[in-house]
Amino acid sequence: MQVTETKSEGLKREYAITVTAGDLEAKTTEKLEELRKDFHMKGFRKGKAPLALMKRQFGKSVLGEVVQETVEQTVSGHLEEQGHRPAAQPDIKITNEEFDEGQDLNVEVAYECLPDVPEMDFSTIALDRKVVEVEDRDVEEALGRLAEGSAEFEARDEGAAAESGDQIMIDFLGKIDGEAFEGGEAEDYPLVLGSNSFIPGFEDQLVGAKAGDSKEVNVSFPGDYGAENLAGKDAVFEVTVKEVKAPKPAEIDDELAKRYGAEDLDGLKGQLSEQIAAEYAQASRQLVKRRLLDDLDGRMDFPLPQGMVEVEAKSIAHQLWHEENPDVEGHDHPEIETNEEHETLAKRRVGLGLLLAEIGRKEELEISDAEFGQAIMARARQFPGQEREFFEFVKQNREMQEQIRAPLYEDKVVDLVLERANVTDIPVSKADLEAEIEALDEED
C-alpha cells in the first residue's frame, strides 16, 4: 500500500492511496479459502471444492467485499497512524473508473481534521454570579397569584356591567350568511372575559353587557382556524347574557394550602420559598453560564473546520428563516442563503462546541445512565399519556438520544469550569437580576 499526501492546507488533508493488485488478490484468496471450508460443491466433498472453481463462481462478489473492507481498514489505519481526528466523515472515492480484478486500487481520501485545542487555565477566568435572596414579599406575591388562580365567582349586583375578568353565563347561536353552523351553539356557557378562549374579538364585544342583555357579536374566523369550513369566514353570534359574576380570590389560609398539597399555610409558604429560590438560582446560573461562554469565546485561538462552520451557518439561516415565516411548516421553499451574521454565530457555536468537547474528553466526563434516564423522563412529561411511546421513540432514534445527551454534557463541562474559575457571588435584587437577563436577551 502506498499513501501520498496531495493536500495539506490548514485543517484540510487529502491523500492518494494505492492498494496493489497483489494485496487484493491475496486477501481475496484468503477469503475464498475461508468460504470453501464449509462449502459443499456438487461433485466434491465438503470443503474440497477446487479454489479455481470457487474463484470463478464467487470471485467477483468476494472481490467487492475485499475492496470495501480494504478501503475502510486502510483509511482507519491511516487516521490512526497520523493521529488525525476527522471533523466529519471522510470523503472517500475510488478513482479507477472501471476497476477490475488484476488492477491496483486507487483511492482518494479528503477530510478536515479537528484542531488541537490548547490547554486553558480556568483560574484566570473571573466571573460574578448574581445571587438573589428570597424575600417575604416574593412569597406573598406568589400566594396572591395562587389565590387569584383559585378564584371563585360571585354574582354581581343586579344591573351591573360585565368587566374584563368577570365570568358571564351565556346562550349563543352562531350563523354564517344567515345559516347556523355545527358547533356554533351552546346554552349556559360560562365565559371568562379576557381569557381569549373564544374567537378574537368575541369577548371584547361583551365587556359592559348586563344580565338579560341580548347582543349580536360580529367576528371573523382566523384564516388558519382548525375547521376548514369556517376558516376566514365572517360570522354573527346571537348572544343572551344570563348572569354576570365577579371573581373573588380565594382566602390565603390553610384551606388554600391544602388545595396545593401542603399541610397548612406555613407549609405552603415554605414550598413557595424553595420554588422561588430554585427559579432565582436557575436564572443566575443561566446568566453566569452565558458570561462564561462569552469569556471562553474571547479566548479561543485555534482554527475551525470550515465544513463544520458552513453546515452550522446553513442550519442557523434555515432556523431563522422559519421563525420569520411561521406559516411554512415543511422544507418546500427557496434555497436560503447564509450571510455574515449567520457565519459569525456559526463560528462561535462551532468553536465553543469543540472547546467544551475537548475539555470534557480530557477530563473524562461522561453522562451516567441515571442522568440520561432522568433527562428522558423530563422530556416524556411534556407528552402526557404518551410517555411509553416517547420512550420507545428515543430508544430507537440515535439522533433524538444525542439531542437529549448534548445539553447534559455541555452543562457538566460548564459546571466543571465554573468550579475551577474565580467566581464571586454578588448579592443583587430580583429587579437587578431580571434587568440583566433582559439586557442579555437584547444582545441576542
Side-chain angles (χ1 to χ4, degrees), residues 125-154 163-167 192-197 203 245-295 371 374-375 377-384 407-408 410-419 421-444:
I125 300 174
L127 297 168
D128 291 340
R129 177 165 47 212
K130 307 302 171 64
V131 179
V132 180
E133 294 292 334
V134 179
E135 299 180 1
D136 290 343
R137 65 180 180 182
D138 297 329
V139 176
E140 294 301 324
E141 288 176 2
L143 281 172
R145 289 192 293 270
L146 291 182
E148 289 180 7
S150 303
E152 297 180 351
F153 292 90
E154 290 184 340
E163 300 176 5
S164 181
D166 283 357
Q167 183 190 76
V192 177
L193 300 180
S195 64
N196 297 319
S197 56
E203 296 169 27
K245 295 181 178 182
K248 181 185 177 183
E251 294 292 333
I252 298 177
D253 54 17
D254 290 346
E255 288 303 314
L256 176 66
K258 290 175 182 178
R259 292 189 197 181
Y260 288 94
E263 290 187 2
D264 53 29
L265 184 57
D266 287 339
L268 179 58
K269 287 182 177 180
Q271 291 177 11
L272 290 173
S273 181
E274 292 178 2
Q275 179 182 332
I276 295 168
E279 291 172 356
Y280 287 163
Q282 179 62 20
S284 177
R285 187 189 184 284
Q286 288 300 109
L287 191 58
V288 76
K289 176 182 175 180
R290 171 59 184 269
R291 296 309 181 201
L292 170 64
L293 295 180
D294 289 344
D295 185 287
E371 291 169 329
Q374 290 173 1
M377 289 179 63
R379 287 284 193 97
R381 292 191 194 101
Q382 300 174 16
F383 306 95
L408 293 178
E410 178 179 294
D411 280 343
K412 185 161 280 196
V413 177
V414 166
D415 287 341
L416 180 141
V417 176
L418 288 175
E419 287 176 5
N422 183 14
V423 180
T424 303
D425 288 340
I426 306 294
V428 298
S429 68
K430 171 187 174 183
D432 289 338
L433 179 63
E434 290 175 343
E436 188 158 356
I437 291 175
E438 288 178 7
L440 197 63
D441 291 339
E442 291 177 1
E443 290 179 18
D444 294 335

Does the side chain of [X] reach to within under 4.5 Å of the side chain of [Y], using non-hydrogen atoms?
| X | Y | result |
| --- | --- | --- |
| Tyr280 | Asp138 | yes |
| Leu256 | Glu251 | no |
| Ser429 | Val132 | no |
| Asp411 | Arg285 | yes |

Within this structure, what is the [atom1]-[atom2] distance for the pair [X] and [Y], rounded to the nearest 0.5 Å?
| X | Y | atom1 | atom2 | result |
| --- | --- | --- | --- | --- |
| Lys245 | Phe153 | NZ | CZ | 9.0 Å |
| Ile426 | Leu127 | CD1 | CG | 11.0 Å |
| Leu193 | Gln167 | CG | CD | 9.5 Å |
| Arg259 | Leu268 | CZ | CG | 11.5 Å |
| Glu434 | Lys130 | CD | NZ | 13.0 Å |

Answer yes or no: is there a donor N or O on one side and an acceptor on the other, between the side chain of [X] and the main chain of [Y], under 3.5 Å?
| X | Y | answer |
| --- | --- | --- |
| Ser150 | Leu146 | yes |
| Ser284 | Val131 | no |
| Glu203 | Ser197 | yes |
| Asp254 | Leu265 | yes |
| Asp415 | Leu418 | no |

Legend entry - Member of Leu440, Leu292, Asp128 meeting the side chain to side chain contact (heavy atoms under 4.5 Å, CB included) criterion with Leu287: Leu440

For [X] against [Y], the heavy-atom pair lying closest together:
| X | Y | answer |
| --- | --- | --- |
| Ala375 | Leu408 | CB-CD1, 3.6 Å |
| Ser164 | Gly194 | OG-CA, 4.1 Å |
| Ile276 | Ala142 | CD1-CB, 4.2 Å |
| Gly267 | Ala262 | C-CB, 4.0 Å |
| Asp166 | Pro247 | OD1-CD, 3.3 Å |
| Lys258 | Glu263 | CE-O, 3.6 Å |

Legend entry - Presence of salt bridge, Lys289 and Glu410, under 4.0 angstrom: yes

Inset, instruction - Look at Asp295 together with Arg291 and state whether they make a salt bridge at an N to O cut-off of under 4.0 Å. - result: no

Legend entry - Neighbour count >12 (heavy atoms, 6.0 Å) for atom CD, Gln382: yes

Legend entry - Greater than 12 external heavy atoms within 6.0 Å of Asp136's CG: no

Inset, instruction - Please name the residue in the list Glu133, Glu436, Glu141 that meets the salt bridge (Lys or Arg N to Asp or Glu O under 4.0 Å) test with Lys430. - result: Glu141

